[in-house]
Number of protein chains: 2
Amino acid sequence: MKIGSEEQLKTLLRTRGLRFTPDRLRVFRALADTPQPLSVPALINIVAPDGVNQATVYRTVEQFLALAVVQTVLLHDGVVGYELVPPFSSHHHHFICLDCGNVQDLPADRVDSALTKSLQGLGLKAVGHKVDIYGQCEKCHEDTD
Amino acid sequence: MKIGSEEQLKTLLRTRGLRFTPDRLRVFRALADTPQPLSVPALINIVAPDGVNQATVYRTVEQFLALAVVQTVLLHDGVVGYELVPPFSSHHHHFICLDCGNVQDLPADRVDSALTKSLQGLGLKAVGHKVDIYGQCEKCHEDTD
DNA sequence: TTGTTATTGCAACAAATTCGCAACAATAAA
DNA sequence: TTTATTGTTGCGAATTTGTTGCAATAACAA
């Protein structure tokens, strides 16, 4: 699974004339190993101890974005986070707890078809979507009771 | 319509012991008059000529967020934007053109019920949601043909 | 009108992001 | 393997973006 993804990243990079470097792999792994979207500063905290330079992280994230390896996600406090997208991770949506700020993944299949239909007749051509749902996660819901 | 919203803002602020000031009204109007979500720098560009200080804009946006007068929206280029939410604007979702970056509103009613259902059985309590759909807007779709 | 207290402006500060460029290293080809 | 090519990185400074403290100001309830 993980190795397969890394091979795909390698192939994708080379296809575009880019290089598969240790630093890029470190950033990729940080994203793959973290269940939550990461901001650039958060990413820097993770990979800096491995010797990856701050500027390199910015450049890598920008490239991953251009390559559609990652997508941006809005965290609860208005911070932009990055996460892997298919085929590097499963297609999913987010449930963001308004109490604790935790972001958890939601399986996407239940909502996808409905969204596609909702565009019919509007002259718009969808190639992707992002759904964020806000509320209380199970834990915080219990605390409130 | 507009006057009604401003009255509501005034009431909301006073209810919380906050004040209805000219600066806050200017920021509110900038948001109400712009059909797209605005980043803080963009807001500053709009209201600075009217004498609103940069720091004031940041503080006002933060307050509007806490008061749920605005919500954050992720623009196509990873920039965080702010827009009014109900009852200050209609409930809607976004269609973001990947070609030109334009953000247009989508009527929300078609997708809302489907989203609510999708959470059943997960132990999550939704109080709101945000749906962003990406693709080509009508204009850019024509250009591609 | 007046007192209370939230708000603002200012300017310094802190954090986040970008930039140029020389040294380096991943590839493909020899 | 070795080499040449050229994409990548590190560094540090410059820039942009966002934050803070505090005195002066202004909103507004009484």
Side-chain angles (χ1 to χ4, degrees), chain A residues 6-31 37-67 69-70 72-82, chain B residues 6-31 37-67 69-70 72-82:
Chain A
E6 294 178 0
E7 277 304 316
Q8 278 190 306
L9 177 65
K10 185 175 180 177
T11 303
L12 175 59
L13 286 168
R14 292 196 178 160
T15 301
R16 306 296 185 93
L18 303 172
R19 293 175 184 173
F20 182 65
T21 67
D23 280 4
R24 286 179 180 160
L25 181 54
R26 288 193 187 99
V27 171
F28 182 82
R29 284 184 174 165
L31 290 164
L38 292 169
S39 63
V40 174
L43 263 176
I44 290 172
N45 285 336
I46 295 174
V47 298
D50 297 330
V52 183
N53 187 276
Q54 182 190 44
T56 299
V57 177
Y58 280 103
R59 288 186 281 225
T60 300
V61 167
E62 190 180 358
Q63 289 223 341
F64 281 1
L65 210 45
L67 292 169
V69 169
V70 301
T72 50
V73 177
L74 196 47
L75 276 21
H76 72 297
D77 47 357
V79 173
V80 176
Y82 299 87
Chain B
E6 294 177 359
E7 278 304 317
Q8 278 189 305
L9 177 66
K10 185 175 179 176
T11 302
L12 175 59
L13 286 168
R14 292 196 179 161
T15 300
R16 306 296 185 93
L18 304 172
R19 293 174 184 174
F20 182 66
T21 67
D23 281 4
R24 285 178 180 162
L25 181 55
R26 289 192 187 98
V27 171
F28 182 83
R29 283 183 175 166
L31 289 166
L38 293 169
S39 64
V40 174
L43 263 176
I44 291 173
N45 284 336
I46 295 174
V47 298
D50 297 330
V52 183
N53 187 276
Q54 180 194 44
T56 300
V57 178
Y58 279 102
R59 288 187 278 225
T60 300
V61 167
E62 191 179 358
Q63 288 225 342
F64 281 1
L65 211 44
L67 293 169
V69 170
V70 301
T72 50
V73 177
L74 195 48
L75 276 22
H76 73 298
D77 46 359
V79 173
V80 177
Y82 298 86

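Predicted model, so just to flag it, every value in this text is computed and none were measured. In the text below, chain A, chain B and the rest are named by the order of the sequence lines, each starting its count at 1.
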Just how far, in rounded Å, is [atom2] of [N] from [atom1] of [X]?
X	N	atom1	atom2	value
A:Ile44	C:dT18	CD1	P	10 Å
A:Leu12	C:dA26	CG	C1'	16 Å
A:Leu38	C:dA16	CG	P	14 Å
B:Asn53	D:dA26	CG	P	14 Å
B:Asp23	C:dG9	CG	C1'	10 Å
A:Leu25	C:dA26	CG	P	12 Å
B:Glu62	C:dT7	CD	P	12 Å
B:Leu13	C:dT5	CG	C1'	15 Å

[X] vs [N]: side-chain N/O to OP1/OP2 distance below 4.0 Å:
X	N	value
B:Arg59	C:dT8	no
B:Tyr58	D:dT19	no
A:Thr56	D:dG10	yes
B:Thr21	C:dT8	yes

From the list B:Val69, B:Val47, B:Val70, B:Asp23, side chain to side chain contact (heavy atoms under 4.5 Å, CB included) partner of B:Phe28 resolves to B:Val69
Of the listed nucleotides ([options]), which one gets closest to any side-chain atom of [X]?
X	options	result
A:Ala55	C:dG9, C:dT18, C:dA26	C:dT18
B:Arg19	C:dT18, C:dT5, C:dA26	C:dT5
B:Leu18	C:dT7, D:dA27, D:dT8	C:dT7
A:Pro41	C:dT27, C:dT17, D:dC28	C:dT17

Look up atom [atom1] in [X] and atom [atom2] in [Y], then write down how far apart they are to the nearest 0.5 Å.
X	Y	atom1	atom2	value
B:Leu67	B:Arg24	CG	CZ	8.5 Å
A:Gln63	A:Arg16	CD	CZ	10.5 Å
B:Leu12	B:Glu7	CG	CD	12.5 Å

So, the side chain of A:Thr56 versus the backbone of A:Val52: is there a donor-acceptor pair under 3.5 Å, distance only?
no
Between B:Lys10 and B:Gln54, which residue's closest nucleotide on DNA chain D lies nearer the 5′ terminus?
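Closer to the 5' end of DNA chain D: B:Gln54.
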